[in-house]
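Values below: all heavy atoms of this structure, side chains included; hydrogens, waters and symmetry mates excluded. All figures in this text were calculated on a predicted structure; none of them were measured in a lab.
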Amino acid sequence: MVALAIVLDVAFHGSSETVVNAAELAERTGMARRTLEPLLQALSRERLLDSTRGPHGGYRLGRPARLIRLSDVIAVGLNSLDDSGLDLSGRLQRAVVEPLWTEFDSQAQAHAEALTIEDLLKRAAAAGLRKPVGEPLNFVI
């Protein structure tokens, strides 16, 4: 969910000309920067985000929103999890919970394969959310 929140925030607040910096992202999502940084790096490694270094650096989408499937973003998030502390190996776990989770996972995967970041941006617009306006155009004729 965190990886999806990151990519959607970057898609919503960034553009091909502007980047979203990690501090703003952390503030808007309510997460600590140290929580976001590993995911930002993983998303950049997978080319879902492009990163720019420096004082005016930040992140933008690595490809058009219509080409970023939710399943790709979710996969990065899941691969970034540290679940080494989970040891659920009881009989009920093996007989009921694991098969149920596999069922949930396949249904969620199929749904995530069908959706893109562009679809989520459309949902944001339908909910009345508007992209922030950048600096106003200032020109003289």
Which atom names give the shortest non-hydrogen contact between A65 and L121, and what distance separates them?
-> CB-CD1, 4.1 Å
Report the C-alpha separation of R47 and D72 in whole Å, then their side-chain angles, then the decisive distance to 0.1 Å, and conclude whether the salt bridge (Lys or Arg N to Asp or Glu O under 4.0 Å) test is met.
-> CA-CA 10 Å; R47 305 222 190 284; D72 296 334; over 6 Å; no
Would you call L25 and D9 a side-chain contact if the rule is heavy atoms closer than 4.5 Å?
-> yes
Can you name the closest pair of heavy atoms from V2 and M31 and give their distance?
-> CG1-SD, 3.5 Å
Side-chain contact, heavy-atom cut-off 4.5 Å: I117 with L4?
-> yes
R123, CZ: over 12 other non-hydrogen atoms inside 6.0 angstrom | no
Please check if the side chain of K131 supplies one atom and the backbone of A11 the other of a donor-acceptor pair under 3.5 Å.
-> yes
Return yes when atom CD of E118 has more than 12 non-hydrogen atoms of other residues, nucleotides or ligands closer than 6.0 Å, and no otherwise.
-> yes
Does some side-chain heavy atom of S15 sit less than 4.5 Å from a side-chain heavy atom of R60?
-> no
Considering all heavy atoms, the nearest L129-F12 contact | CB-CZ, 3.9 Å
Measure the CG-CD1 distance between L120 and I68 for me, rounded to the nearest 0.5 Å.
-> 10.5 Å
Side-chain contact, heavy-atom cut-off 4.5 Å: Y59 with D50?
-> no
Taken to the nearest 0.5 Å, the spacing of L48 CG from I6 CD1 works out to 11.0 Å
Measure the CG-CG distance between L8 and L70 for me, rounded to the nearest 0.5 Å.
-> 8.5 Å
N79 side chain to A75 main-chain N or O, any donor-acceptor pair under 3.5 Å?
-> yes
Here the gap from H111 atom NE2 to I74 atom CD1, rounded to the nearest 0.5 Å, amounts to 9.0 Å
Check: R33 side chain, A22 main-chain N or O, donor-acceptor pair, under 3.5 Å | no
Yes or no on side-chain hydrogen bond (donor to acceptor under 3.5 Å, both in side chains) for D105 and T102, after CA distance, side-chain angles and deciding distance?
-> CA-CA 5 Å; D105 188 44; T102 300; over 6 Å; no
What's the shortest heavy-atom distance between V76 and A42, and which atoms?
-> CG1-CB, 3.7 Å
Separation between CD of E24 and NE2 of H13, rounded to the nearest 0.5 Å = 8.5 Å
How long is the span from the OG atom in S80 to the CG atom in L43, to the nearest 0.5 Å?
-> 7.0 Å
Where is the tightest heavy-atom contact between R28 and V20, given as atom of each residue plus distance?
-> NH2-CG1, 3.2 Å
